[in-house]
Chemist: 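What follows is a structure written as structure tokens; I'll ask about it next.
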Amino acid sequence: MRATTSSASAGESPAGPGGEAAGAELGSFERILGPERGAAYRRFLEWSIGGGFMLAIVEIRRPAQREALAAATGAAVPKLCVARLVSVGARPVRTLLEEVCTPSADTSVLMLTHLEEAHDAARICAELNVHRDELARRFALPWVLAVHPAAALALQRDAPDFCDFAGLWLPEEPEGGTEPLREQALRSPATSGGSTVRLSPELAEPKGLLSLAYEAAALGHVDRAADLLAQYDMRHPDARTHDPRRVHMDGALLRIRGRFADALARFHAALKLCEETGDRHMKGVLLDAIAQTHILQGDLAVARPLVKEALELFEQIGDQKNRAASLHQLSVVEERLGNDASARELAREALVLSEELGDQVGRAMSLHHLAVIEERMGHYAKASELVHESLTISDKLGDRNGRLASLHQLAVLAMHENNYAKARELLGESLKLAEEMGNTRYRSVMLHGLATIALYEGNRAEARQLWLESIKLSEELGAKDGQAASLVMLGMLEADQGQLEHGLALVREGVGILEALGTADLVEAKEILRNLESLSVADAPR
């Protein structure tokens with residue numbers, strides 16, 4: 001994009017005090033800006049041309065509206081000079097203005113645009129503020145600054161003296177803008193409630209070191225699990241290469257720490273050992289573990305057949321506890337794909353099995369996931385009841401995974417109630433738990449949630465920083481669904497702040513990821529993209 005100059009056609013007469021702006025089709029400003037703002041803008045042109053320096057600041061959110069205003073103004077006055085501040089680069093603002101506007105008898109109006117898209121907007125504002133008198137003398141004609149509302153706030157903050165020059169300030173149109181888009185926020189990727197490691201029913205009392213390590217990891221006590229494994233390895237030095245249960249634990253801890261590729265490598269190594277020994281039970285556990293890792297990465301199409309294979313194995317060998325765990329996993333997959341009715345049925349079946357077996361970890365997981373499904377379906381009271389029941393069980397068990405997941409879900413419900421202070425408090429506690437456990441996947445989810453709250457509260461700088469951090473973490477993890485959710489939300493924020501093309505690029509990137517994953521969030525993300533595209537316009541040089 002570059003600075004340009006547009007001139008009215010020959011034969012058009014200049015506007016004068018008390019006259020009508022020449023060349024403007026009657027009502028064009030009113031159609032662009034609305035009746036009151038359009039009439040005020042028309043009067044500014046009629047009264048100011050030929051009278052030396054005067055300043056009008058017009059807040060415009062939509063690029064198409066800005067371009068239409070520039071075109072209508074160019075048709076209304078003998079000569080309009082347009083300086084696109086996005087193109088100033090490292091040059092002084094005065095250099096850009098001199099490039100596009102040589103004051104002469106026929107030069108009637110100077111319009112400044114694209115401040116919101118300039119990378120160094122703060123410096124530009126400061127220059128306008130410091131050199132306001134010099135610039136007003138050098139370019140002694142009416143100025144029109146067409147600026148996005150977010151940039152208008154920055155202008156008031158960074159150029160207060162320049163703003164004092166404004167003889168006309170037209171605030172943002174009452175019903176304009178992209179604010180409604182923020183209410184379409186994608187839900188954070190659901191954290192899986194309860195255990196991150198399947199407790200094997202074979203590991204019955206009295207419990208050895210390996211079974212205790214399983215249990216510690218399952219309840220989110222990662223450091224204790226690592227210590228127990230170190231003790232176990234001293235007594236069984238060959239287990240890490242020969243025992244699939246021990247290799248499985250390596251994968252489980254790597255997954256908790258967000259090293260998904262390394263975790264999958266260990267799970268597949270353990271699976272190969274099972275196939276060599278014919279251990280069908282452990283094979284099912286590992287298929288389930290591999291599937292869960294793919295779920296955490298958003299690869300639902302890969303996870304689905306693996307969970308079904310594990311479920312079939314557990315049904316064949318009569319392992320009801322792990323069958324319930326696989327039903328839960330399959331319910332998570334179906335819910336993420338948007339199949340809420342199927343997901344609810346599977347979660348209820350898993351819950352019944354867990355209750356029959358007296359498996360409190362499994363029961364808490366199923367209750368939590370049913371809460372997620374109910375919340376997605378808009379049944380908030382029922383969701384709250386279920387998640388509180390799940391949290392009670394997790395706290396009795398000392399299950400930090402379950403507590404974290406429940407706190408996150410309660411934060412989501414608090415956001416539905418517009419209780420952002422409570423949601424922030426819940427997510428803050430969840431984030432602390434995630435950091436204590438060294439679980440980077442959970443951390444990225446909590447950062448996404450905190451960013452959403454910051455946006456709703458109007459703390460845009462905080463929201464931007466948190467989403468950038470969440471995107472970086474998700475990208476490092478290979479958690480594609482979390483990355484997509486944060487990209488879409490950050491894109492909406494950037495568009496809302498006037499960086500429409502940048503915002504569109506981020507949303508398109510997020511939609512592309514979701515299309516590849518095939519998750520239920522794709523429909524909502526596409527709607528956001530369509531709404532943003534409807535606000536966009538190509539900024540072709542004139």
Chemist: Salt-bridge test for Arg508 and Glu533: reply yes if a basic N is under 4.0 Å from a carboxylate O, no otherwise.
Modeler: yes
Chemist: Look up atom OG in Ser474 and atom CD in Gln297, then write down how far apart they are to the nearest 0.5 Å.
Modeler: 11.5 Å
Chemist: If we only count heavy atoms from C-beta on, is the Gln360 to Arg363 side-chain gap below 4.5 Å?
Modeler: yes
Chemist: Nearest 0.5 angstrom please: Leu313 CG to Leu287 CG, how far?
Modeler: 6.5 Å
Chemist: Would you say Met377 and Lys382 make side-chain contact, with heavy atoms under 4.5 Å?
Modeler: no
Chemist: Is it true that a side-chain atom of Glu116 and a backbone atom of His148 form a donor plus acceptor pair closer than 3.5 Å?
Modeler: yes
Chemist: Look at Arg280 together with Glu312 and state whether they make a salt bridge at an N to O cut-off of under 4.0 Å.
Modeler: no
Chemist: Could you tell me whether Asp521 and Arg336 make a salt bridge, using a distance below 4.0 angstrom between a side-chain N and a carboxylate O?
Modeler: no
Chemist: Check for a donor-acceptor pair, side chain of His221 on one end and backbone N or O of Gly398 on the other, with a separation under 3.5 Å.
Modeler: yes
Chemist: Mind checking the NE2-CG spacing from His328 to Leu370? Nearest 0.5 Å is all I need.
Modeler: 9.5 Å
Chemist: Atom CD of residue position Gln231 - does it have more than 12 heavy atoms of other residues, nucleotides or ligands inside 6.0 Å?
Modeler: yes
Chemist: Looking at residues at least two apart in the chain, or sitting in another chain, which of them share a side-chain hydrogen bond (donor to acceptor under 3.5 Å, both in side chains) with Glu334?
Modeler: Arg304, Asn339
Chemist: Can you sort out the partners of Phe267 under ring pair (Phe, Tyr, Trp, His ring centres under 6.0 Å), two or more places apart, ordered by chain and number?
Modeler: His248
Chemist: Do Leu413 and Glu417 come close enough that some side-chain heavy atom pair is under 4.5 Å?
Modeler: no
Chemist: Might you work through the side chain to side chain contact (heavy atoms under 4.5 Å, CB included) test for Met492 and Leu455, ending with a clear yes or no?
Modeler: CA-CA 10 Å; Met492 285 201 293; Leu455 178 65; 5.7 Å; no
Chemist: Give a yes or no on this: more than 12 heavy atoms of other residues, nucleotides or ligands lie within 6.0 Å of atom CD of Glu425.
Modeler: no
Chemist: Give a yes or no on whether the backbone of Glu462 and the side-chain of Asn459 come within a donor-acceptor separation of less than 3.5 Å.
Modeler: no
Chemist: Do Glu476 and Arg443 sit within salt-bridge range, that is, some charged N less than 4.0 Å from a carboxylate O?
Modeler: no
Chemist: Consider only side-chain N and O atoms of Arg255 and Gln292, and report whether a donor and an acceptor are under 3.5 Å apart.
Modeler: yes
Chemist: Check whether any side-chain heavy atom of Leu404 lies under 4.5 Å from a side-chain heavy atom of Asn439, and answer yes or no.
Modeler: no
Chemist: Measure across Gly449 and Leu427 and return the closest heavy-atom pair with its distance rounded to 0.1 Å.
Modeler: C-CD1, 3.4 Å
Chemist: Would Leu386 and His368 satisfy side chain to side chain contact (heavy atoms under 4.5 Å, CB included), going step by step from the backbone distance to the final call?
Modeler: CA-CA 6 Å; Leu386 291 165; His368 171 266; over 6 Å; no
Chemist: Strictly distance-based, threshold 3.5 Å: is any side-chain N or O of Ser470 a donor or acceptor partner for the main-chain N or O of Leu466?
Modeler: no
Chemist: Taking the side chain as everything from C-beta on, heavy atoms only, tell me whether Val361 gets closer than 4.5 Å to Met365.
Modeler: yes
Chemist: Please find the pair of heavy atoms, one from Leu351 and one from Ser366, that lie closest to each other, and give the distance.
Modeler: N-OG, 3.6 Å
Chemist: Answer yes or no: is there a donor N or O on one side and an acceptor on the other, between the side chain of Arg37 and the main chain of Pro171, under 3.5 Å?
Modeler: yes
Chemist: Compare all side-chain heavy atoms of Leu517 with those of Asp299 and state whether any distance is below 4.5 angstrom.
Modeler: yes
Chemist: In Å, rounded to the nearest 0.5 Å, how long is the span from CZ of Arg424 to CG of Leu431?
Modeler: 11.5 Å
Chemist: Go through Gln320 and Phe314 one step at a time and tell me if the side chain to side chain contact (heavy atoms under 4.5 Å, CB included) criterion holds.
Modeler: CA-CA 7 Å; Gln320 295 296 85; Phe314 293 136; over 6 Å; no
Chemist: Of all heavy-atom pairs between Val511 and Val488, which one has the smallest distance, and what is that distance?
Modeler: N-CG2, 4.4 Å
Chemist: Hey, is CZ on Arg464 packed in by over 12 heavy atoms from elsewhere, all under 6.0 Å?
Modeler: yes
Chemist: Is the shortest side-chain heavy-atom distance between Leu506 and Trp467 below 4.5 Å?
Modeler: no
Chemist: I need the single residue from His369, Glu349, Arg348 that forms a side-chain hydrogen bond (donor to acceptor under 3.5 Å, both in side chains) with Ser331. Which is it?
Modeler: His369
Chemist: Do any N or O atoms from the side chain of Asp319 and from the backbone of Asn322 form a donor-acceptor pair under 3.5 angstrom?
Modeler: yes
Chemist: If you take all heavy atoms of Ala218 and Asn401, which pair is closest and at what distance?
Modeler: O-ND2, 3.1 Å
Chemist: List the atom of Phe260, the atom of Arg441, and the distance in Å for their closest heavy-atom pair.
Modeler: CZ-CB, 4.1 Å
Chemist: Between Leu346 and Ser342, is any pair of side-chain heavy atoms under 4.5 Å apart?
Modeler: yes
Chemist: With no hydrogens and no angle check, is any side-chain donor or acceptor of His502 less than 3.5 Å from a backbone partner on Glu494?
Modeler: no
Chemist: Going by distance alone, is a donor N or O of one side chain under 3.5 Å from an acceptor N or O of the other, for His448 and Ser486?
Modeler: yes
Chemist: Any salt bridge between Asp250 and Arg246, counting N to O under 4.0 Å?
Modeler: yes
Chemist: When rounded to the nearest 0.5 angstrom, what distance separates CG in Asp481 from CG in Leu514?
Modeler: 8.0 Å
Chemist: What are the two closest heavy atoms between Glu375 and Tyr380, and how far apart are they?
Modeler: O-CE2, 3.4 Å
Chemist: Atom OG in Ser430, atom CZ in Arg400: separation rounded to 0.5 Å?
Modeler: 12.5 Å
Chemist: Apply side chain to side chain contact (heavy atoms under 4.5 Å, CB included) to Leu33 and Ile60, showing your working.
Modeler: CA-CA 8 Å; Leu33 297 174; Ile60 296 181; 4.1 Å; yes
Chemist: Would you say the side-chain atoms of Asp340 pair up with the backbone N or O of Ile373, donor to acceptor, closer than 3.5 Å?
Modeler: no
Chemist: Between the side chain of His388 and the main-chain N/O of Ser384, is any donor-acceptor distance below 3.5 Å?
Modeler: yes
